Number of protein chains: 2
Amino acid sequence: MGGEQAPVAGDGTIGKACDVLEQVAAFARPVRFAELLESSDFPKATLYRFLQTLTNQGMLSYDPDRQTYTPGLRLVRLAHAAWTQNSLAPIARPFLDALSRETGETVHLAQLDSSQVLYVDKRNAAQPVEMYSQAGKVGPAYCTGVGKAMLAYLEEAALARAVSQQSYHRFTQKTLTSEAALRADLDLIRSRGYAIDDEEHEPGIICIACPILTSGGRMLGAISVTGSTERMDFKQLETWVPRVRHVAEQIGAEAQAWRFPETRPNANTNRMQAT
Amino acid sequence: MGGEQAPVAGDGTIGKACDVLEQVAAFARPVRFAELLESSDFPKATLYRFLQTLTNQGMLSYDPDRQTYTPGLRLVRLAHAAWTQNSLAPIARPFLDALSRETGETVHLAQLDSSQVLYVDKRNAAQPVEMYSQAGKVGPAYCTGVGKAMLAYLEEAALARAVSQQSYHRFTQKTLTSEAALRADLDLIRSRGYAIDDEEHEPGIICIACPILTSGGRMLGAISVTGSTERMDFKQLETWVPRVRHVAEQIGAEAQAWRFPETRPNANTNRMQAT
DNA sequence: AACACAGTTTCATTATTTGGAACACGATGG
DNA sequence: CCATCGTGTTCCAAATAATGAAACTGTGTT
């Protein structure tokens with residue numbers, strides 16, 4: 001019986017290719033072959049061939065002048081499909097708009113991706129548009145409102161895995177830095193029905209977050225409203241809880257409705273006067 | 001009846017995996033195994049294993065209830081890296097903001113991805129936010145302003161390939177529907193320095209577009225300003241050409257500067273008060 | 001000219017992928 | 001109740017593709 005804990009990698013050639021992809025993405029800048037070779041445990045020729053193939057496929061992009069690799073634009077195309085079909089964002093969009101308008105605060109929509117928080121949409125308080133740059137961004141689960149809201153409603157098996165994979169890095173004085181502390185807070189969240197982030201990730205930043213659940217209790221994601229301690233305290237922030245919870249419920253309900261129909265309800269979601 | 005699209009076919013196992021990924025993305029909805037099997041020329045067991053592995057890797061996501069596959073959220077994460085590092089969007093952002101403010105019209109930033117137009121950013125005239133949904137979206141090159149602007153400045157080898165890969169579907173009365181017509185227009189664009197789309201893609205929609213070039217003449221992308229015939233004509237629209245061209249030049253210059261430094265100029269590009 | 005270095009290619013060996021066929025299993029339906 | 005069908009899943013010998021040490025190329029340096 002295989003009890004092997006494969007770190008992440010594993011599945012044959014494809015797994016390795018994905019690792020390489022991830023590795024290139026991890027450098028947040030164009031990378032040279034030698035750099036990759038160093039941080040990789042693939043032999044030279046093997047890594048080389050992977051890079052060739054991936055570049056060939058448009059999953060990576062190669063700059064011949066600089067001799068550097070970056071993640072390829074094909075990923076952007078594919079991600080668009082992922083975002084449209086597989087994230088809550090399209091469903092949640094009108095709700096986020098409303099919530100953002102009503103509260104005037106920053107609003108986040110997040111989902112869980114391998115024990116990390118993946119932000120799939122956002123409305124910003126100040127800036128009018130900030131777009132894409134935040135969709136796709138990741139963050140820690142154990143010290144953010146949306147992260148804890150999601151963890152709290154994970155079934156035990158998944159929770160145990162997720163909780164053990166957190167880094168518990170101390171971002172601020174108030175960061176929860178142990179599995180025990182986190183679990184205690186998750187219990188509290190469950191009984192209260194929403195999560196709070198009390199400057200656990202960034203000083204001065206507080207937030208409330210509600211999980212998005214199906215009627216069957218499956219956790220789909222979370223939404224949050226964020227404020228800064230300069231302008232407000234939890235008293236004020238928590239007045240939004242009923243509203244946020246309601247929105248989360250609406251999104252959950254719609255998500256469920258949208259997922260079921262085999263016959264896609266419609267298509268024209270986003271018509272774009274392109275040119 | 002068949003009539004399958006000939007997959008670019010290719011590189012070993014990884015190429016096949018990419019094909020599967022693309023195939024899943026192509027259905028713009030959750031897909032069942034049987035559907036994929038039908039539209040694929042992989043044998044059952046092979047396709048099955050690919051789906052397993054890709055799901056495993058988070059490149060696909062599987063809904064056990066519905067037994068359907070969709071592109072996975074991991075793609076969104078990776079695409080974020082691609083968008084940040086490999087697209088012109090981060091560099092162009094402030095310029096697009098300015099251009100959008102000044103003109104009050106829809107502004108697009110696009111790059112070329114396998115002979116297609118890939119929109120990497122956009123500012124909308126009317127709607128305040130529309131976000132992500134357009135980044136990652138693709139469109140035809142032969143009948144859009146940005147598409148033609150980019151084609152015009154491709155070197156002959158790449159141009160020949162690109163031009164032969166267009167579908168030449170007639171979207172409107174004015175769509176250019178042959179390679180010859182397109183090439184003629186490209187000559188015109190080159191001599192004029194900018195492209196126009198005269199309702200070639202959508203009735204009532206016109207636009208002007210300028211290529212983004214390096215000082216060496218390498219084509220990086222294009223930007224456009226779009227209007228509708230209801231509100232304006234080319235006389236008005238073309239008054240923006242010098243401004244658009246200037247912005248394109250600025251973006252080109254910055255892109256060039258940004259690509260060179262080996263020492264990463266900086267990191268904290270986009271800090272996100274996340275929670 | 002010799003050297004160092006980053007990137008590229010070769011090729012016999014080895015491990016992986018392949019896919020036809022058989023297997024589960026729920027849903028019909030006779 | 002058993003037969004049948006349509007899914008999706010697993011097996012395993014044969015075929016294929018991945019592997020990586022070492023040799024090579026080309027560019028820049030001493």
Side-chain angles (χ1 to χ4, degrees), chain A residues 1-2 4 6-24 27 29-57 59-70 72 259-263, chain B residues 2 4 7-24 27 29-57 59-70 72 216 259-264:
Chain A
M1 324 350 171
E4 301 286 336
V8 172
D11 330 77
T13 309
I14 294 175
K16 292 172 201 167
C18 289
D19 282 350
V20 172
L21 214 60
E22 201 82 51
Q23 205 188 129
V24 173
F27 287 74
R29 63 185 170 81
V31 216
R32 283 230 283 296
F33 177 77
E35 302 181 88
L36 286 167
L37 182 57
E38 196 177 0
S39 73
S40 156
D41 27 33
F42 293 113
K44 218 191 205 181
T46 303
L47 179 62
Y48 179 73
R49 252 176 293 104
F50 270 123
L51 292 172
Q52 289 256 106
T53 308
L54 288 170
T55 301
N56 222 315
Q57 290 292 326
M59 304 300 276
L60 291 178
S61 148
Y62 179 68
D63 180 340
D65 300 331
R66 318 262 84 242
Q67 293 188 143
T68 55
Y69 296 89
T70 43
R259 281 246 155 82
F260 287 137
E262 218 62 292
T263 54
Chain B
E4 307 303 326
V8 182
D11 337 71
T13 309
I14 295 175
K16 293 173 199 166
C18 289
D19 282 350
V20 172
L21 214 61
E22 201 81 52
Q23 205 186 128
V24 172
F27 285 75
R29 62 184 168 85
V31 216
R32 283 239 283 294
F33 177 78
E35 302 180 87
L36 286 167
L37 182 57
E38 197 177 1
S39 72
S40 156
D41 26 33
F42 292 113
K44 218 190 203 180
T46 303
L47 179 63
Y48 178 72
R49 250 176 296 104
F50 271 123
L51 292 172
Q52 290 256 105
T53 308
L54 288 170
T55 301
N56 224 313
Q57 291 291 327
M59 304 300 276
L60 290 178
S61 148
Y62 179 68
D63 180 340
D65 300 331
R66 319 260 84 242
Q67 292 189 144
T68 55
Y69 296 89
T70 43
R259 281 247 155 82
F260 286 136
E262 217 61 292
T263 55
R264 61 199 290 207

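Computed from a predicted model, the values in this text were never measured in an experiment. Quick note: numbers below take in every heavy atom, side chains included, and nothing from hydrogens, waters or symmetry partners.
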- Task: Please report, rounded to the nearest Å, how far the C1' atom of D/dT9 is from the CG atom of B/Leu37.
- Result: 13 Å
- Answer whether the closest heavy-atom distance between the side chains of A/Phe42 and A/Leu36 falls below 4.5 Å. no
- Item | Between P of C/dG19 and CZ of B/Phe50, the distance in whole Å | 9 Å
- Would one find a side-chain N or O of B/Thr13 under 4.0 angstrom from OP1 or OP2 of D/dA18? yes
- Message: For a side-chain contact (heavy atoms from CB on, under 4.5 Å) check, start with the C-alpha distance between A/Gln67 and A/Tyr62, then their side-chain angles and the critical distance, and finish with the verdict.
- Response: CA-CA 7 Å; A/Gln67 293 188 143; A/Tyr62 179 68; 3.4 Å; yes
- Query: Can you find a pair of side-chain heavy atoms, one from B/Tyr48 and one from B/Leu37, that are under 4.5 Å apart?
  - Reply: no
- Query: In Å and rounded to the nearest 0.5 Å, what is the CG to CE distance from B/Leu21 to A/Met59?
  - Reply: 5.5 Å
- Query: Reckon A/Ala34 touches a base, only the sugar-phosphate, or nothing at all at heavy-atom distances under 4.0 Å?
  - Reply: sugar-phosphate
- Among C/dT8, D/dT9, C/dG20, the nucleotide that comes nearest once only the side chain of B/Ala45 is considered: C/dG20
- Item | side-chain N/O B/Arg32 vs D/dG8 OP1/OP2, d < 4.0 Å | yes
- Task: Send over the distance from A/Tyr48 OH to C/dC11 C1', rounded to a whole Å.
- Result: 16 Å
- Message: Go nucleotide by nucleotide along DNA chain C from the 5' end; which of A/Gln67 and A/Ile14 gets its closest nucleotide reached first?
- Response: A/Gln67
- If we only count heavy atoms from C-beta on, is the A/Arg66 to A/Pro30 side-chain gap below 4.5 Å? no
- Item | Euclidean distance, atom CZ of residue B/Arg49 to atom P of D/dT16 [Å, nearest integer] | 15 Å
- What is the distance, rounded to the nearest whole Å, between atom NZ of B/Lys16 and atom C1' of D/dA17? 8 Å
- Message: With hydrogens left out and only the distance checked, is there a donor-acceptor pair under 3.5 Å joining B/Lys44's side chain and the base of C/dG20?
- Response: no
- Quickly work out the B/Phe33 CZ to D/dT9 C1' distance and round it to whole Å. 9 Å
- Rounded to the nearest angstrom, tell me the gap between atom CD in B/Gln52 and atom C1' in C/dT16. 16 Å
- Message: Without decimals, in angstroms, what is the distance between B/Phe42 CZ and D/dG8 P?
- Response: 18 Å
